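Have a look at the structure below, then the notes.
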Amino acid sequence: MSVQSVVPIWQAIQTRFARTVQGLPEADLDIAVGSSTIRSMVRHTAEVEFMFAEWFFGVAIPADRKEAMDQAKQEGAPLLNVEKLGALLTASNDHLIAAMHGLSDEAWQTPVESPMGPSTPLEAVGRLMYHTGIHAGQIY
């Protein structure tokens, strides 16, 4: 397995999700889906991409993003609009893809210990695809 094989598949899913988010009317961001809003699910999706880059590809979450993620968990945190959510998804995707490019072909199949338990980077990308797909389905 190589980055040249994985990235196009990941991009097909993430790009579609990001375009959907960018096309949402602002008012739709506060529609509740269970106990979450569309706004919080989109932010969460980007946060998971940052976390997976760190956990499975060894690239730390940028300090400004880590601070924003911590702040988002606090009550009264600033709410992101469609434009800012789109920028967040772009940043998390760019960060993840850069992390993927830093992996050797052999490392894609090497299990990595993470807070979720052991998983290969290839399996982690599969989990990200599934995760993004679930939230995309909730939003559509």
Side-chain angles (χ1 to χ4, degrees):
M1 190 54 58
S2 71
V3 70
Q4 289 80 19
S5 302
V6 176
V7 168
I9 298 167
W10 165 246
Q11 281 292 90
I13 292 165
Q14 203 277 352
T15 301
R16 183 168 187 224
F17 181 73
R19 282 187 191 140
T20 298
V21 169
Q22 291 166 346
L24 289 171
E26 290 289 331
D28 286 3
L29 294 178
D30 293 318
I31 293 173
V33 181
S35 61
S36 298
T37 62
I38 290 175
R39 184 188 318 271
S40 67
M41 281 190 288
V42 173
R43 187 188 68 239
H44 163 74
T45 300
E47 290 172 350
V48 169
E49 291 176 19
F50 280 117
M51 287 187 302
F52 272 45
E54 183 172 72
W55 294 353
F56 299 103
F57 297 92
V59 178
I61 300 169
D64 63 328
R65 295 297 178 183
K66 180 80 170 132
E67 184 179 318
M69 287 165 60
D70 291 343
Q71 184 182 22
K73 294 175 186 168
Q74 305 298 319
E75 265 189 63
L79 298 177
L80 301 177
N81 61 20
V82 168
E83 182 181 334
K84 289 183 180 179
L85 286 168
L88 180 61
L89 284 172
T90 297
S92 64
N93 185 49
D94 291 347
H95 182 75
L96 178 63
I97 289 175
M100 287 181 190
H101 280 285
L103 212 59
S104 69
D105 290 352
E106 299 78 32
W108 283 95
Q109 299 294 337
T110 304
V112 175
E113 281 298 325
S114 78
M116 294 177 64
S119 186
T120 68
L122 183 59
E123 292 168 335
V125 173
R127 287 180 174 186
L128 275 176
M129 290 179 197
Y130 179 72
H131 178 261
T132 301
I134 286 173
H135 290 311
Q138 290 172 314
I139 292 170
Y140 298 148

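Since this is a predicted model, take the numbers as computed values, not measurements.
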Between Phe52 and Arg127, does a side chain to side chain contact (heavy atoms under 4.5 Å, CB included) hold up when you go through it step by step? CA-CA 10 Å; Phe52 272 45; Arg127 287 180 174 186; 4.0 Å; yes
Apply side chain to side chain contact (heavy atoms under 4.5 Å, CB included) to residues Trp10 and Met100 and explain how you reach the verdict. CA-CA 11 Å; Trp10 165 246; Met100 287 181 190; 4.1 Å; yes
Can you measure from [atom1] ([X]) to [atom2] ([Y]) and round to the nearest 0.5 angstrom?
X: Ser119; Y: Glu113; atom1: OG; atom2: CD; value: 10.0 Å
X: Leu88; Y: Lys84; atom1: CG; atom2: NZ; value: 11.5 Å
X: Glu106; Y: Ser104; atom1: CD; atom2: OG; value: 4.5 Å
X: Leu29; Y: Thr37; atom1: CG; atom2: OG1; value: 7.5 Å
X: Ile61; Y: Trp55; atom1: CD1; atom2: CH2; value: 8.5 Å
X: Arg65; Y: His95; atom1: CZ; atom2: NE2; value: 10.0 Å

Looking only at non-hydrogen atoms, find the nearest pair between [X] and [Y] and report the distance.
X: Ile38; Y: Asp28; value: CD1-O, 3.3 Å
X: Thr45; Y: Phe17; value: CG2-CE2, 3.7 Å
X: Pro8; Y: Val3; value: CD-O, 4.1 Å
X: Thr120; Y: Pro111; value: CG2-N, 3.8 Å

Looking at [Y], is its backbone amide N or carbonyl O close enough to the side chain of [X] to form a donor-acceptor pair, meaning the two atoms are under 3.5 Å apart?
X: Glu54; Y: Met51; value: no
X: Glu49; Y: Asn93; value: yes
X: Ser36; Y: Ala32; value: no
X: Gln14; Y: Leu89; value: yes
X: Gln22; Y: Val82; value: no

Does Val48 share a hydrophobic cluster with Val59, counting links as ILVMFWY side-chain heavy atoms below 4.5 Å and allowing steps through other members? no
Taking the six-membered ring for Trp, are Trp108 and Phe57 parallel (under 30°), tilted (30 to 60°) or perpendicular (over 60°)? perpendicular
Arg43 and Glu47 ion-paired at < 4.0 Å: yes
For Arg39, what residues pass the salt bridge (charged side-chain N to carboxylate O under 4.0 Å, His left out) criterion, not counting sequence neighbours? Asp30
Would you say that more than 12 heavy atoms from the other residues, nucleotides or ligands in this model lie under 6.0 Å from the CD of Glu26, or not? yes
Which of Thr90, Leu96, Ile97 passes side-chain contact (heavy atoms from CB on, under 4.5 Å) with Asp94? Answer is Thr90
Using atom types as modelled, flag every donor-acceptor pair under 3.5 Å from a side chain in residues 129-136 to any protein atom, sequence neighbours excluded.
unit_1	atom_1	unit_2	atom_2	d
His131	NE2	His44	NE2	2.8
His131	NE2	His135	NE2	3.3
Thr132	OG1	Leu128	O	3.0
His135	ND1	Gln138	OE1	2.6

